[in-house]
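Both ligands and their constituent atoms are indexed starting at 1 by order of listing.
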Amino acid sequence: MSKPRIFVPNRVNEEVIHYLQQYGDVDYRDQEEKMAEEEFLVGLRNASALLCYSRQKINASILEQAPLLKVVSNIAVGYDNLDLGEMTKRGVLATNTPGILTETTADLTFSILMAAARRVAEADYYVKSGQWKEWFPSLMLGKDVFGATIGIIGMGRIGEAVARRAKGFDMNILYYNRSRKTDAEAKLGATFVSLEELLQRSDYVVVLTPLTAETQKFIGVKELALMKKDAILVNASRGATVDETALIHALQEKRIAGAALDVYEKEPVDPENPLLKMANVVTLPHIGSATRETRAKMAMKAARNAIAALQGEIPENLLNKEVL
Ligand code: DGY
């Protein structure tokens, strides 16, 4: 019997490829840049499994051209790039990589919060660009993190991991989530509040909710207007959870003090985006889970999910259970 074809259109660790080769014919491209659509579709045509990153959209028109496809294994926890309805209709399993990247993403989220609070990127640029001519008392004054109030929107795994870090900074932890997390309340001293109360009371509003139809532009004009004037918005989920135009206006009109962003409505972000011109906005290129260790584990987990599916088992991280 011929082996199933496993399509890996982008770079992953070598061990992942060796693992996959035990189970199938691996069509691997050791390239970082996103494959051109036509080439991608040629690769997908004979594939039973696809391992891909979250920048790869999988929708009806792509699936139509992949008649043999049994599983799409996302090397990411977020899966807003996958049209689960269409995949289920066609009997294609979808999987993701939760858990593994929790602490790494929480580290990055907390570090951009701190960077915005203490103007780290701005101060670094100030020194490196030769602007530092003398020390004076109000030089790069920032905002306290220790003891301040943090409001976490989306108390999932990463939300809880951020809350653990906040506890170490003696922060007052508020959270808003679809359902109450009594565990997190007991362990971390977090307080469940309404979205309005969270926005009104927090010094740092941290968006960590996954992107779904309900969370599109979850933070918009009305929500930004409720925030304190000296508050900072942190987004490490998906760009589209925040209405970027509304955020730009709020920052331009100084209705909030700053922002720390790892994600944008459109990625890569347009170099002309006004957010990139604002000194009080920390801008990172979607690197929440980007450590060597974590990325290697994510790809291996994605590979294991794909192989389980190809072997007729239920993958550990199956997203569309209805497909069974
Ligand atoms: C994730 O895992 O969802 C990260 O944001 C990378 O896409």
Side-chain angles (χ1 to χ4, degrees), residues 8-13 16 31-35 40 50-59 62 71-84 87 93-113 152-162 165 177 206-219 233-242 244 259-269 282-306 315-320:
V8 187
N10 280 119
R11 180 166 302 156
V12 292
N13 285 45
V16 174
Q31 66 179 50
E32 291 274 359
E33 63 282 2
K34 189 169 179 232
M35 191 175 272
F40 177 73
L50 167 70
L51 257 71
C52 64
Y53 291 100
S54 61
R55 65 182 171 180
Q56 181 64 57
K57 293 242 177 302
I58 301 294
N59 51 28
I62 300 246
V71 55
V72 174
S73 193
N74 230 19
I75 312 174
V77 65
Y79 51 88
D80 45 285
N81 58 315
L82 308 179
D83 186 333
L84 292 189
M87 291 179 68
L93 280 70
T95 65
N96 68 340
T97 60
I100 280 170
L101 46 75
T102 301
E103 302 301 336
T104 301
T105 307
D107 282 347
L108 195 279
T109 306
F110 210 79
S111 68
I112 57 174
L113 180 156
I152 299 174
I153 300 175
M155 196 59 133
R157 291 185 192 82
I158 301 172
E160 277 198 32
V162 168
R165 285 153 180 76
N177 199 54
V206 181
V207 184
L208 284 166
T209 180
L211 178 63
T212 63
E214 293 80 56
T215 61
Q216 281 271 354
K217 299 196 191 233
F218 198 63
I219 302 299
L233 181 84
V234 180
N235 189 5
S237 63
R238 286 291 184 265
T241 56
V242 174
E244 211 164 88
L261 308 171
D262 186 37
V263 289
Y264 309 84
E265 274 184 3
K266 176 176 159 283
E267 294 181 8
V269 66
V282 173
T283 51
L284 264 53
H286 197 153
I287 53 168
S289 61
T291 65
R292 275 181 287 280
E293 302 88 333
T294 293
R295 283 284 162 78
K297 287 186 206 155
M298 287 165 72
M300 188 51 102
K301 178 143 219 178
R304 290 191 195 286
N305 280 328
E316 189 187 341
N317 308 113
L318 181 63
L319 291 165
N320 52 345

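Side-chain atoms of Asn317 do not come within 3.5 Å of backbone N or O of Leu319 as any donor-acceptor pair. A donor-acceptor pair is defined here as one N or O able to donate and one able to accept, closer than 3.5 Å; such a pair exists between the side chain of Asp262 and the backbone of Gly288.
In this structure, the side chain to side chain contact (heavy atoms under 4.5 Å, CB included) partners of Ala299, at least two apart in sequence or on a different chain, are Val12, Val16, Ile75.
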Could you walk me through whether Leu50 and Ile58 pass side-chain contact (heavy atoms from CB on, under 4.5 Å), step by step? CA-CA 10 Å; Leu50 167 70; Ile58 301 294; 3.6 Å; yes

Chi angles and distances behind the side-chain contact (heavy atoms from CB on, under 4.5 Å) call for Arg165, Glu103: CA-CA 10 Å; Arg165 285 153 180 76; Glu103 302 301 336; 2.9 Å; yes

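Few gaps surround CZ on Phe110; more than 12 heavy atoms of other groups in view lie less than 6.0 Å from it.
Listed by chain and residue number, the protein contacts of ligand 1 are Ser54, Ala76, Val77, Gly78, Leu101, Arg238, His286, Met298 (heavy atom within 4.0 angstrom).
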